[in-house]
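Right, one structure below, let's go through it.
In what follows, every heavy atom counts, from backbone to side chain, and hydrogens, waters and symmetry copies are set aside. Just so it is clear, the model here is predicted, and its values are computed rather than measured.
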Amino acid sequence: MEANKELVKQASFETYTEGNTDVIDELVSDSYVLHDPTSPEAIRGREAFKEHVESIRRAFPDLTTTIEHTAVEGDLVAVQFTVGGTHEGPFPDLDLEPTGETFEMDGMEFDRIEDGQLAETWLVFDSLAFAQQLGAVPDEDSATVH
């Protein structure tokens, strides 16, 4: 159980905050699939995952993550986390140029481990609130009804 927790911490969190995509070759399955609510399609494979991590790091170079809780059952790892950062680079999945806005949100992810590697990730977070914090869509308070 501890090995699976550490694997998820390194492969799915530290890659984003520290930018060490080299560990992906060792820790992530070549057939890896990431289900991210901000991506129009699932991200498939190590190379696509590396590109995704690099695009997030360009968009949010000061990205921080805090793992709040982790639960492991068999080959599944569930993580509750807090993530935040400043939008300083283009964010292609939302077709959004840098806004300079900061965000902070809670989320959950569910990871499947297969043969000692990260095989699949499902992210769950409020993508509307995320887009609102970045200024990509108006928030409820600033929306006007005509």
Side-chain angles (χ1 to χ4, degrees), residues 1-140:
M1 286 186 355
E2 288 304 313
N4 285 351
K5 282 180 169 180
E6 186 61 27
L7 171 68
V8 167
K9 178 182 170 190
Q10 289 178 348
S12 192
F13 288 88
E14 292 176 359
T15 53
Y16 288 99
T17 58
E18 297 176 14
N20 183 5
T21 57
D22 292 339
V23 301
I24 291 172
D25 290 327
E26 174 188 342
L27 302 176
V28 177
S29 168
D30 190 42
S31 59
Y32 175 73
V33 180
L34 169 62
H35 307 276
D36 182 334
T38 62
S39 295
E41 296 180 14
I43 294 155
R44 297 181 181 278
R46 282 187 191 134
E47 292 307 313
F49 182 47
K50 286 179 187 179
E51 290 171 16
H52 179 73
V53 168
E54 290 165 356
S55 72
I56 296 297
R57 288 197 42 81
R58 281 190 299 274
F60 307 99
D62 63 345
L63 190 74
T64 61
T65 60
T66 302
I67 295 175
E68 306 292 349
H69 301 284
T70 307
V72 180
E73 183 174 320
D75 65 350
L76 296 176
V77 180
V79 182
Q80 178 199 5
F81 61 86
T82 303
V83 62
T86 308
H87 185 208
E88 296 181 11
F91 191 49
D93 290 335
L94 289 179
D95 193 27
L96 181 62
E97 290 301 315
T99 63
E101 298 291 335
T102 60
F103 80 97
E104 182 175 289
M105 66 180 177
D106 295 322
M108 292 180 288
E109 88 174 42
F110 299 88
D111 299 289
R112 184 173 58 82
I113 310 300
E114 185 176 279
D115 297 326
Q117 293 183 313
L118 185 60
E120 195 161 12
T121 300
W122 295 267
L123 284 174
V124 181
F125 60 88
D126 187 345
S127 55
L128 176 59
F130 172 65
Q132 287 172 331
Q133 288 182 58
L134 296 181
V137 296
D139 62 24
E140 295 172 3

Can you name the closest pair of heavy atoms from [X] and [Y] and give their distance?
{"X": "V33", "Y": "A42", "value": "CG1-CB, 3.9 Å"}
{"X": "V28", "Y": "F49", "value": "CG2-CE2, 4.1 Å"}
{"X": "R46", "Y": "S29", "value": "CG-O, 3.5 Å"}

* To do: Could you please spell out the steps behind the side chain to side chain contact (heavy atoms under 4.5 Å, CB included) verdict for V8 and F110?
  => CA-CA 10 Å; V8 167; F110 299 88; over 6 Å; no

Once you round to the nearest 0.5 Å, how far does [atom1] of [X] lie from [atom2] of [Y]?
{"X": "L123", "Y": "S12", "atom1": "CG", "atom2": "OG", "result": "6.5 Å"}
{"X": "L34", "Y": "T121", "atom1": "CG", "atom2": "OG1", "result": "5.5 Å"}
{"X": "Q133", "Y": "L128", "atom1": "CD", "atom2": "CG", "result": "10.5 Å"}
{"X": "Y16", "Y": "L63", "atom1": "OH", "atom2": "CG", "result": "9.0 Å"}
{"X": "R44", "Y": "Y32", "atom1": "CZ", "atom2": "OH", "result": "11.5 Å"}
{"X": "L118", "Y": "N4", "atom1": "CG", "atom2": "CG", "result": "10.0 Å"}

* Using a cut-off of 6.0 Å, state whether more than 12 heavy atoms not belonging to K50 lie near its atom NZ. =>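 Atom NZ in K50 is crowded, with more than 12 foreign heavy atoms closer than 6.0 Å.
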
* Less than 4.0 Å between a side-chain N and a carboxylate O, is that true for E2 and K5? ->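 Salt bridge: yes.
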
* Taking it one step at a time, do D126 and M105 satisfy side chain to side chain contact (heavy atoms under 4.5 Å, CB included)? -> CA-CA 8 Å; D126 187 345; M105 66 180 177; 5.8 Å; no

* Start with the C-alpha gap between E109 and F13, add the side-chain angles, then the distance that decides, and say whether side chain to side chain contact (heavy atoms under 4.5 Å, CB included) holds. => CA-CA 11 Å; E109 88 174 42; F13 288 88; 3.7 Å; yes

* Test L7 against L27 for side chain to side chain contact (heavy atoms under 4.5 Å, CB included), laying out the working first. => CA-CA 7 Å; L7 171 68; L27 302 176; 3.6 Å; yes

* Aromatic rings F130 and F60: how do their planes relate, parallel, tilted or perpendicular, breaks at 30° and 60°? ->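 Plane angle between 30° and 60°, so tilted.
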
* **Sequence-distant partners of R112, side chain to side chain contact (heavy atoms under 4.5 Å, CB included), two or more places apart** =>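 Partners of R112 by the side chain to side chain contact (heavy atoms under 4.5 Å, CB included) criterion, ordered by chain and then number, come out as D75, L76, E114, A119, E120, W122.
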
* Main-chain N/O of P98 paired with E88 side-chain donor or acceptor, under 3.5 Å ->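 No.
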
* Could you tell me whether a side-chain N or O of H87 sits under 3.5 Å from a main-chain N or O of T99, the two making a donor and an acceptor? =>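 Judged by distance alone, yes, a pair lies under 3.5 Å.
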
